[in-house]
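The block underneath contains the structure these notes are about, expressed in structure tokens.
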Amino acid sequence: MSTDRGGLNVLVPLRKLLNSTSCIRDRVRDGEPNDSDGSFNLSNFWESLIQAVNAVSQEVTKLSLAFSKPPLPSQQEVEQLCDWILKRVLTLSTIYFWLPKSQGVTLRRRIRDATVDVFEGINQLLEVIQRSPLQSSLTQDQLTSTGGFWSSCDRFAQLPRDNKSASVLVLSSQVGVVKDAIEEIQQALSEAQDPFGDVLHDDHDHPLGDQDTEWSDRDRGVVSACVGMLKTAAACLRKMTTAVKGNGDSTSAQNNKQLDDLVDISMDISPGVDDLVLCLYPPMDYSGVENNLSKLASLLKKVLEIIRSTHVCGESEISWVQFLEGAIDHNLNNTKGLIQHC
């Protein structure tokens, strides 16, 4: 083995840094938020956070460049580079922990995930450098891992700056997920043949039999009725998102807690929709459909109840909350009636 990189000794500070950043990453990922309710300047926090991310990026880039071409660094040089990276990493993690829970859990999750991604990017680069032959220059893996690390740092510029913005992002993404599920079942319903098409068999082989892969006319009636409940779920998410955009406020701990509650309950809607949709495919499980339909209806009513209790629900929102409550009951009773006659 060549000694251009100081032999195996040059890897020692890299391993130490990898262990340290892994511990810090885990502490950020699993650590509890600051519960302080004292004065907190969110603008100053963001300024310090972005500066810390940029400082980490600069130091890690220096390390990657040091291992990109000869002459390659000595053990002492690597130790100095690693020491500076560790100091920047500790600073970034410390600033992250400044953010109190009162600023919103949803915002904190976004910043936490971005910070963890930066630390994981560092670790991936360190692992690549250690795996590379000590006598070689820049590798494709090192280029890729360095670029991935830079991307994780650049992501901070696109992060939402307050809990309202973070909440809107999450809610909007949930709207898209539920919309996709509705389009999928509607597409299957519109097919003249069985909804599985060519996935399970070809023109000459029907291993499951038509009864197992095709909807009956009654089945299609149940599916159509269930689509009404799915559309009600999508409407709940859309209206909630619009209400948060228009009325949401993240300047108080109480309002941030309400926004977090809305986000948390919204995350349950998509799994509830998926559970119902899965039961609709042939051979249809009527008891499963009725059970999951009732669960989704109960969940949506809980969603509307929470919306009513938050600051995002003004007088203009009450009308659509009441309308959706009625739509839930209508779709539930209509679908159950069809199932009972199947």
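Side chains of D285 and S287: a donor-acceptor N/O pair is present below 3.5 angstrom, by distance only. There is a side-chain donor-acceptor pair under 3.5 Å between S64 and T146. If you check the side chains of S22 and N19, you find no donor sitting under 3.5 Å from an acceptor. Of the N and O atoms on the side chains of S48 and W98, not one donor lies less than 3.5 Å from an acceptor on the other residue. Judged purely by distance below 3.5 Å, without hydrogens or angles, the side chains of D260 and T106 pair a donor atom with an acceptor atom. For the 3.5 Å distance criterion, the side chains of E120 and Q124 fail to qualify, holding no donor opposite an acceptor. Side-chain polar atoms of D162 and Q103 form no donor-acceptor pair below 3.5 angstrom. D141 and T139 form no side-chain donor-acceptor contact under 3.5 Å, judged by distance and modelled atom types alone. With 3.5 Å as the limit, one finds no donor-acceptor pair spanning the side chains of N291 and Y286.
Rounding to the nearest 0.5 angstrom, the gap separating the CD atom in E317 from the OG1 atom in T242 is 9.0 Å. Taking CE of M267 as the reference point, atom CG of L171 lies at 9.5 Å (rounded to 0.5 Å). If you take CG on D268 and OG on S270, they are separated by 10.0 Å, rounding to the nearest 0.5 Å. Summarising the geometry, atom CG belonging to L49 is positioned 11.5 Å from atom OG1 belonging to T94; distances are rounded to the nearest 0.5 Å. Between atom NZ of residue K16 and atom SG of residue C82 there is a gap of 10.0 Å, rounded to the nearest 0.5 Å. Atoms OG and CZ, from S93 and R29 in turn, are 14.0 Å apart once rounded to the nearest 0.5 Å.
Considering all non-hydrogen atoms of both residues, N331 and G228 come closest at ND2-O, 3.3 Å. Of all heavy-atom pairs between D249 and L259, the closest is O-CD1, 3.7 Å. The heavy-atom pair separating V312 from N247 by the smallest distance is O-ND2, 2.8 Å. Closest of all the heavy-atom pairs between M229 and L332 is CE-N, 3.6 Å. Nearest heavy atoms, A243 versus W320: CB-CZ2, 4.2 Å. Minimum heavy-atom separation, L338 to G221: CD1-O, 3.5 Å.
A donor-acceptor contact shorter than 3.5 Å is absent between the side chain of N334 and the backbone of H330. Put simply, the side chain of S172 never gets that close to the backbone of L169: no donor and acceptor are under 3.5 Å apart. For R161 (side chain) and L159 (main-chain N/O), a donor-acceptor pair under 3.5 Å exists by modelled atom type. In this structure, the side chain of Q322 does not engage the main chain of S319 through any donor-acceptor pair within 3.5 Å. A donor-acceptor contact shorter than 3.5 Å links the side chain of N163 to the backbone of L107. With hydrogens and angles disregarded, a donor-acceptor distance shorter than 3.5 Å links the side chain of R220 to the backbone of L189. Remark: side-chain polar atoms of S57 are not paired, donor with acceptor, to backbone N or O of V53 under 3.5 angstrom. Here the side chain of K257 pairs no donor or acceptor atom with the backbone of G104 at under 3.5 angstrom.
Qualifying salt bridge (Lys or Arg N to Asp or Glu O under 4.0 Å) partners for D329, counting only residues two or more places apart in sequence or in other chains: K301.
Between T115 and F156, the closest side-chain pair of non-hydrogen atoms falls below 4.5 Å. L300 is not listed as a side-chain neighbour of L324, based on a closest heavy-atom distance of 4.5 Å or more. The shortest distance between side-chain heavy atoms of L304 and I328 falls below 4.5 Å. You'll find the side chain of L14 reaches within 4.5 Å of the side chain of L63, heavy atoms only. Looking only at side-chain heavy atoms (C-beta outward), S252 and N256 stay at 4.5 Å or farther from each other. Contact of the V222 side chain with the M284 side chain is registered, since non-hydrogen atoms from C-beta on lie closer than 4.5 Å. S102 places none of its side-chain heavy atoms less than 4.5 Å from the side chain of F40. Proximity of K295 to L299: side-chain heavy atoms (C-beta onward) are nowhere separated by under 4.5 Å.
Partner of Y96 under the side-chain hydrogen bond (donor to acceptor under 3.5 Å, both in side chains) criterion, chosen from R112, R27, R108: R108. Results of the side-chain contact (heavy atoms from CB on, under 4.5 Å) test with L90 over T21, V56, I24 single out I24 as the only residue that passes.
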Given V89 and S20, is the side-chain contact (heavy atoms from CB on, under 4.5 Å) satisfied, shown in steps?
-> CA-CA 9 Å; V89 165; S20 297; over 6 Å; no
Under the side-chain hydrogen bond (donor to acceptor under 3.5 Å, both in side chains) criterion, do S216 and D219 qualify, and how do the steps go?
-> CA-CA 5 Å; S216 67; D219 290 345; 3.3 Å; yes
Would V178 and L230 count as a side-chain contact (heavy atoms from CB on, under 4.5 Å) if you check the C-alpha gap in whole Å, the side-chain angles of each, and the deciding distance to 0.1 Å?
-> CA-CA 8 Å; V178 173; L230 299 178; 5.8 Å; no
Does the salt bridge (charged side-chain N to carboxylate O under 4.0 Å, His left out) test come out yes or no for D113 and R109, once each step is laid out?
-> CA-CA 6 Å; D113 292 346; R109 287 171 183 161; over 6 Å; no
Step by step, would you call S74 with E79 a side-chain contact (heavy atoms from CB on, under 4.5 Å)?
-> CA-CA 9 Å; S74 66; E79 287 175 346; over 6 Å; no
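Shown here is Q186, whose CD atom has more than 12 heavy atoms of other residues, nucleotides or ligands within 6.0 Å. Sparse packing is recorded around CH2 of W84, with 12 or fewer heavy atoms of other residues, nucleotides or ligands lying under 6.0 Å away. The environment of CD in E183 is crowded: more than 12 heavy-atom neighbours from other residues, nucleotides or ligands sit within 6.0 Å.
Pairs engaging residues 303-316 under the side chain to side chain donor-acceptor pair (under 3.5 Å) rule: N255-H311, Q258-H311, R308-E325 [sequence neighbours left out].
Ring pair Y281/W215 is parallel by interplanar angle, where below 30° counts as parallel and above 60° as perpendicular.
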